[in-house]
Undergrad: 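Once you've had a glance at the structure underneath, I'll fire off some questions.
All values below come from the heavy atoms of this structure, side chains included, with hydrogens, waters and symmetry mates left out.
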Amino acid sequence: MIPIRARILASRHADLLGRPLSSRRVSAGLFLPTVLWGGFLLLAGALWWESRGLDALDIVLLVLGVLLFAACRLAAIDARLVVCERGLILGRMVPVPFSPTYLIAGEEIDPRTVCVVSSGQKAAAQVGLGPMFFQFFVVAGSPGVPAVMFRGPWGADVELDRAPARRRPNAKSLFLFSHRRAAGIADEILHLVGRCGGIPCGFEPVNGLRPIPVTGRREDAVRQIPGAWPDDSQRPPGR
């Protein structure tokens, strides 16, 4: 289902994005639900122990606790990647401060850097930016969840002027989105880039879009992650 905000943004920037086609929500690992369920059980246990039972007030507190934990979970996994006909929408569908939403045209994505990594959390640490970097959408405590990565335009925030004359094609940055079906998302992104004429002749996807094992060590970033170098001059031989 395409979120309402994504439809509004796609309509407002139709020349850049086109019609929205699919939407994915960032995947969380086992850590987040374990913490939330653990917190709920502790709350229930504390209320029961205090009165050796649950009265009406305790039940109200439990219901409020469930709503609070559900809100925390939704806030953690609200980030979306929406594939459109000619571009991507990447970010939260409920706007919050200091959490930009990005609009990326297919022509601004380097297909040579579109890849799948075995762990979004490790890859974020490996390139030295960490999971809290604005352009990395990964839930903390999810080291086993793969992610799709690619190089796109720096300054693609929806709040900035995205008119062609104002874009900065020479300023690039890595983007990361954790999802259990990252390979399928990467394939959709490459098809999107192809529709924009950005796939060179004889192109082959990085590692066949199979997950690249990442170590999480910075010294391995350039060797393991396409796009982890600032320009072609620093690309490893044969990459």
Undergrad: Salt bridge check: are Arg24 and Glu188 linked by an N-O gap of less than 4.0 Å?
TA: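 Judged by the 4.0 Å cut-off on N to carboxylate O distance, Arg24 and Glu188 do form a salt bridge.
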Undergrad: Would you indicate whether the side-chain heavy atoms of Val206 and Val114 approach each other to under 4.5 Å?
TA: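 In short, these two side chains do not touch, never coming nearer than 4.5 Å.
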Undergrad: If you take all heavy atoms of Ser23 and Val82, which pair is closest and at what distance?
TA: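 In terms of heavy atoms, the two residues are closest at OG-CG2, 3.8 Å.
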Undergrad: So which atom in Pro211 and which in Asn207 form the shortest heavy-atom distance, rounded to 0.1 Å?
TA: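 Taking every non-hydrogen atom into account, O-ND2, 3.6 Å.
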Undergrad: Within the 4.5 Å heavy-atom criterion, are Leu88 and Phe150 side-chain neighbours or not?
TA: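 Contact flag for Leu88/Phe150 side chains = yes.
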Undergrad: With a sphere of 6.0 Å drawn around CD of Glu204, does it hold more than 12 non-hydrogen atoms of other residues, nucleotides or ligands?
TA: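 Incorrect, the count does not exceed 12.
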Undergrad: Give the minimum heavy-atom separation between Pro20 and Ile2, together with the two atoms involved.
TA: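 Distance-wise, the nearest heavy atoms are CB-CG2, 3.9 Å.
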Undergrad: Less than 4.5 Å apart, any side-chain heavy atom of Lys122 and any of Thr215?
TA: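 Result no, sub-4.5 Å side-chain heavy-atom pair not found.
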Undergrad: Do the two ring centres, one from Phe175 and one from Phe136, sit under 6.0 Å apart?
TA: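 No, the ring centres sit 6.0 Å or more apart.
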Undergrad: Working to the nearest 0.5 angstrom, can you tell me the gap between Ile185 CD1 and Ser178 OG?
TA: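 The distance works out to 9.5 Å.
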Undergrad: Ignoring hydrogens and angles, tell me if any N or O in the side chain of Thr113 forms a donor-acceptor pair with the backbone of Asp110 under 3.5 Å.
TA: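 Yes, Thr113 side chain to Asp110 backbone: donor-acceptor pair under 3.5 Å.
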Undergrad: Please examine the side chains of Ser119 and Val117, heavy atoms only from C-beta on, and report whether any two atoms are closer than 4.5 Å.
TA: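 Heavy-atom side-chain distance check fails, nothing below 4.5 Å.
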Undergrad: Would you compute the distance between atom CZ of Arg80 and atom NE2 of His179 and round it to the nearest 0.5 angstrom?
TA: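 The NE2 atom of His179 is 9.5 Å from CZ of Arg80, to the nearest 0.5 Å.
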Undergrad: Using salt bridge (Lys or Arg N to Asp or Glu O under 4.0 Å) as the criterion, list what pairs up with Asp220, not counting sequence neighbours.
TA: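 Salt bridge (Lys or Arg N to Asp or Glu O under 4.0 Å) list for Asp220, sorted by chain: Arg217, Arg223.
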Undergrad: Walk me through whether Leu90 and Thr101 qualify under side chain to side chain contact (heavy atoms under 4.5 Å, CB included).
TA: CA-CA 6 Å; Leu90 187 58; Thr101 298; over 6 Å; no
Undergrad: OG/Ser22 to CE/Met1 distance, rounded to the nearest 0.5 angstrom?
TA: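 Going from OG on Ser22 over to CE on Met1, the span is 14.5 Å.
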Undergrad: Mind checking whether Arg86 and Leu16 have side chains closer than 4.5 Å, heavy atoms only?
TA: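 Contact flag for Arg86/Leu16 side chains = no.
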Undergrad: Please name the pair of heavy atoms, one in Gln126 and one in Val214, separated by the smallest distance, quoted to 0.1 Å.
TA: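 Here Gln126 and Val214 meet closest at OE1-CB, 3.4 Å.
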Undergrad: Shortest non-hydrogen contact from Leu174 to Pro226?
TA: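 Nearest pair, atom of Leu174 first, then Pro226: CD2-O, 4.3 Å.
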Undergrad: Do you see a donor-acceptor pair shorter than 3.5 Å between the side chains of Ser27 and Arg181?
TA: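 No, because no side-chain N or O of Ser27 sits under 3.5 Å from a partner of the opposite role on Arg181.
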Undergrad: Side-chain contact, heavy-atom cut-off 4.5 Å: Leu176 with Val148?
TA: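 Answer no - side chains too far apart.
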Undergrad: Can you list the residues that meet the side chain to side chain contact (heavy atoms under 4.5 Å, CB included) rule with Ala183, with sequence neighbours excluded?
TA: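 With neighbours one apart ignored, the set is Val116.
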Undergrad: Working to the nearest 0.5 angstrom, can you tell me the gap between Arg25 CZ and Arg92 CZ?
TA: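 If I round to the nearest 0.5 Å, the distance is 10.5 Å.
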Undergrad: Do Ile104 and Pro153 have side-chain heavy atoms sitting under 4.5 Å apart?
TA: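 Yes, their side chains come closer than 4.5 Å.
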Undergrad: Quick check: closest heavy atoms across Leu192 and Gly87, and the distance to 0.1 Å?
TA: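 Answer, listing the atom of Leu192 first, then Gly87: CD1-N, 3.0 Å.
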Undergrad: Does Glu108 reach the main-chain N or O of Gly152 with its side chain, forming a donor-acceptor pair under 3.5 Å?
TA: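 No, Glu108 side chain to Gly152 backbone: no donor-acceptor pair under 3.5 Å.
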Undergrad: Let me confirm one number: the OG-CZ distance from Ser118 to Arg210, rounded to the nearest 0.5 Å.
TA: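 Between atom OG of Ser118 and atom CZ of Arg210 there are 13.5 Å.
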Undergrad: Restricting to side chain to side chain contact (heavy atoms under 4.5 Å, CB included), what partner residues turn up for Pro111, sequence neighbours left out?
TA: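 Counting only residues at least two positions away or on another chain, Pro111 forms a side chain to side chain contact (heavy atoms under 4.5 Å, CB included) with Leu190, Val193, Ile199, Pro200, Phe203.
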Undergrad: Can you tell me how far apart CD (Glu107) and SG (Cys196) are? Round to the nearest 0.5 Å.
TA: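 The SG atom of Cys196 is 6.0 Å from CD of Glu107, to the nearest 0.5 Å.
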Undergrad: Using modelled atom types only, decide if a donor and an acceptor are shared between the side chain of Gln224 and the backbone of Ala221 within a distance under 3.5 Å.
TA: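 The answer is no, because no donor-acceptor pair under 3.5 Å joins these two groups.
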Undergrad: For the residue pair His191 and Ile189, establish whether any side-chain heavy-atom pair is separated by less than 4.5 Å.
TA: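 No, their side chains stay 4.5 Å or more apart.
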